[in-house]
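Computed from a prediction, not measured in an experiment: that's the story for all the values here. Side-chain atoms are counted along with the backbone in the values below, which use heavy atoms only and exclude waters and symmetry mates.
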Amino acid sequence: MRDGLEYAQRRAEPIEPMDQRAHDEHRDSAERASAPRQRTLPLVLTVAGGAVVLTVLAVGLSIRAAHRVNRTALAEAPRPVTVAEAQSATYRDSRTYVGEVAPWVEANIGPQFISAYVETVLVRPGAVVKEHQVLATLDCTHPSAATRAVEMQARAVAARMRAASDEAARVSSLLDGGFVAPNEAEQKDAVSAAARAQLLASQADLLKATLDVRDCVLRAPFDGEIATRTFDPGALVRPGASIVSVVDRSTVRVTVDATEKDFDALAPGTMVGVDMLAIGAHLSAPVSRRAPGADPKTRTVHVEVDIADPNRRYPVGTTAIVRVDVGAAQAATAVPIYCATQESGKAQIFVVEGDVARQRRVPIVGESGGTLYFTPQTLAAGARVVTEGRELLSDGDRVAAKLEAFSLPSGQDEVDAPSARGGGFGRPL
């Protein structure tokens, strides 16, 4: 009992300063022990929330991916293709050839007999000249001197001939009186004839020398235009060299070398279409002339078409496309040229029937530019022909078709085009 009273008294007694410090230290240690537990709780809650969000996101992506999986085999899926509808047209066969525009006449002007230096050239390309107009001159000092010498020799021979002729006449007059022998008279006549022959030879030499001198002055042989100028003053030219060339374009000739199988198609008088590529002009003209036979080396027939050109519009030496129609027009079905693979006059195409592509091999009637033509019996108008995607198709494949617009170019509802069987090089440009 006494011990309990003593304990109660000690509890009631004020705490000493030393005991107070110990109490404070005990309280601080308790507070420090509880602080980590207070900071850990928010961190745990944050981690748990993030885990829940990630789990929900993963489940959502998994569901989305499952919905996007293609469970249809690729071989069974329709092939995406582009198709075009075949159009009705009228087709006519034709032949097309590449020709040349040539002048009606052309002359190369230069010396023909002498070699000399060019003294003057009076014209340049494009100049319009008249017949006999001087175009160029040569240095003819030597030919002129030679001509003068031949002329003097001819005069001397003429004088000797006259003297011999007079002497022969006088001797012959003495024969009647017997004053001279017949032999002497005959000799005088022979001398006179020899002098006359020598005179003729001298006159021929003079004519040749005169031609040499004339060769020094070059003149235009006809009305025309200067096409080329090859030499300038100071150049040495020899016989056969061309100093300038003259062309007459009042009428031009379109020349064509056609295949021998088109001999009948290009008969004289047949109307042909001509495209002048240099100036983009198109015109029609009849065939003017045709060679009677083919060239033995090339087996081609030479054909010419004359075209009047009083205004000199058409440049010569340029390209012309000549087209001639063959046969009669016929009904046809037209499709784009890129929808088919051509081989040996036939085309391989895919025609869409419903949602199935059917491979077909049909003969080609003709081709014009970017269009192929078939007979209506082999390909009906309105048929849907695959234009893009056919490289990956096989006969019987299912397709998902997309229709593209296709229409014949303007003016080709009735076309004239070269046959696929040969003879042409495409529609005239």
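Closest non-hydrogen pair, I226 versus V246, comes out as CD1-CG2, 3.8 Å. Shown here for P268 and S288, the closest heavy-atom pair between the two residues is CB-O, 4.3 Å. The two residues E260 and V301 come nearest to each other via the heavy atoms CA-CG2, 4.1 Å. For the residue pair S245 and T228, the shortest heavy atom distance occurs at OG-OG1, 2.5 Å. Considering every non-hydrogen atom in both L408 and S88, the closest pair reads CD1-O, 3.8 Å. Smallest separation of non-hydrogen atoms from L392 and D397: O-OD2, 4.1 Å.
Taking OG1 of T300 as the reference point, atom CG of D257 lies at 4.5 Å (rounded to 0.5 Å). Between the CG atom of L372 and the CD1 atom of I364 there is a distance of 5.0 Å, given to the nearest 0.5 Å. Considering CD1 of I109 and CD1 of I243, their distance stands at 9.5 Å, rounded to 0.5 Å. Going from atom SG of C216 over to atom CG of L138 covers 5.5 Å, rounded to the nearest 0.5 Å. R384 contributes atom CZ, which lies 7.5 Å from atom CG of L403 (distance to the nearest 0.5 angstrom). Taking CG of L236 as the reference point, atom OH of Y117 lies at 5.0 Å (rounded to 0.5 Å).
For T120, the side chain to side chain donor-acceptor pair (under 3.5 Å) partners two or more places apart in sequence, or in a different chain, are T137. By the salt bridge (charged side-chain N to carboxylate O under 4.0 Å, His left out) test, R360 is found to be paired with no residue, residues two or more places apart in sequence or in another chain being considered. A search for side chain to side chain donor-acceptor pair (under 3.5 Å) contacts involving Q359 returns Q348, not counting sequence neighbours. Taking the salt bridge (charged side-chain N to carboxylate O under 4.0 Å, His left out) definition, one finds that D223 meets it with nothing, sequence neighbours left out.
Residue pairs satisfying the salt bridge (Lys or Arg N to Asp or Glu O under 4.0 Å) criterion with at least one member in residues 108-137, sequence neighbours excluded, are absent. For residues 281-296, the pairs satisfying salt bridge (Lys or Arg N to Asp or Glu O under 4.0 Å) are R289-E304, R289-D306, with sequence neighbours left out.
We find that D264 and K261 are not joined by a salt bridge, their nearest charged nitrogen and carboxylate oxygen being 4.0 Å or further apart.
Checked by atom type and distance alone, the side chain of R253 never pairs as donor or acceptor with a backbone atom of E100 at under 3.5 Å. In this structure a side-chain-to-backbone donor-acceptor pair under 3.5 Å is missing from N311 to R313. Using a distance-only test at 3.5 Å, with no hydrogens or angles considered, no donor-acceptor pair links the side chain of T270 to the main chain of L266. The closest donor-acceptor contact from the side chain of Q87 to the backbone of F406 lies under 3.5 Å. Using a distance-only test at 3.5 Å, with no hydrogens or angles considered, a donor-acceptor pair links the side chain of T333 to the main chain of L379. Between the side chain of D309 and the backbone N or O of Y314, at least one donor-acceptor pair lies under 3.5 Å. Proximity of a side-chain donor or acceptor of R79 to a complementary backbone N or O of R398 within less than 3.5 Å is not detected. With hydrogens and angles disregarded, no donor-acceptor distance shorter than 3.5 Å links the side chain of R238 to the backbone of S115. At distances below 3.5 Å, not a single donor-acceptor pair connects side-chain atoms of T82 with backbone N or O atoms of E388.
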- Task: Go through the steps for V252 and W104 under the test side chain to side chain contact (heavy atoms under 4.5 Å, CB included), then give the verdict.
- Result: CA-CA 5 Å; V252 296; W104 178 250; over 6 Å; no

- Task: Apply side chain to side chain contact (heavy atoms under 4.5 Å, CB included) to V274 and I321, showing your working.
- Result: CA-CA 6 Å; V274 181; I321 305 297; over 6 Å; no

- Task: Please step through side chain to side chain donor-acceptor pair (under 3.5 Å) for the pair T341 and R390, ending with a clear verdict.
- Result: CA-CA 10 Å; T341 301; R390 59 189 178 86; 3.0 Å; yes

- Message: Quick one, F350 with V352, criterion side chain to side chain contact (heavy atoms under 4.5 Å, CB included). Give me CA distance, side-chain angles, the key distance, then yes/no.
- Response: CA-CA 7 Å; F350 284 92; V352 177; over 6 Å; no

- Show the numbers, then the answer: is there a side chain to side chain contact (heavy atoms under 4.5 Å, CB included) between V129 and V123? CA-CA 9 Å; V129 297; V123 291; 4.1 Å; yes

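At least one side-chain heavy atom of I307 sits less than 4.5 Å from a side-chain heavy atom of V254. The side-chain heavy atoms of Y91 and D93, taken from C-beta on, include a pair separated by under 4.5 Å. Residues R361 and I349 have side chains not in contact (no heavy-atom distance under 4.5 Å, counting atoms from C-beta outward). In this structure, the side chains of Q342 and I337 come closer than 4.5 Å at one or more pairs of heavy atoms. Side chains of L393 and V81 form a contact here, defined as non-hydrogen atoms less than 4.5 Å apart. Residues T318 and M276 have side chains not in contact (no heavy-atom distance under 4.5 Å, counting atoms from C-beta outward). With contacts defined as side-chain heavy-atom distances shorter than 4.5 Å, the pair V105/F222 qualifies. At a threshold of 4.5 Å between non-hydrogen side-chain atoms, the residues V365 and T378 do not count as touching.
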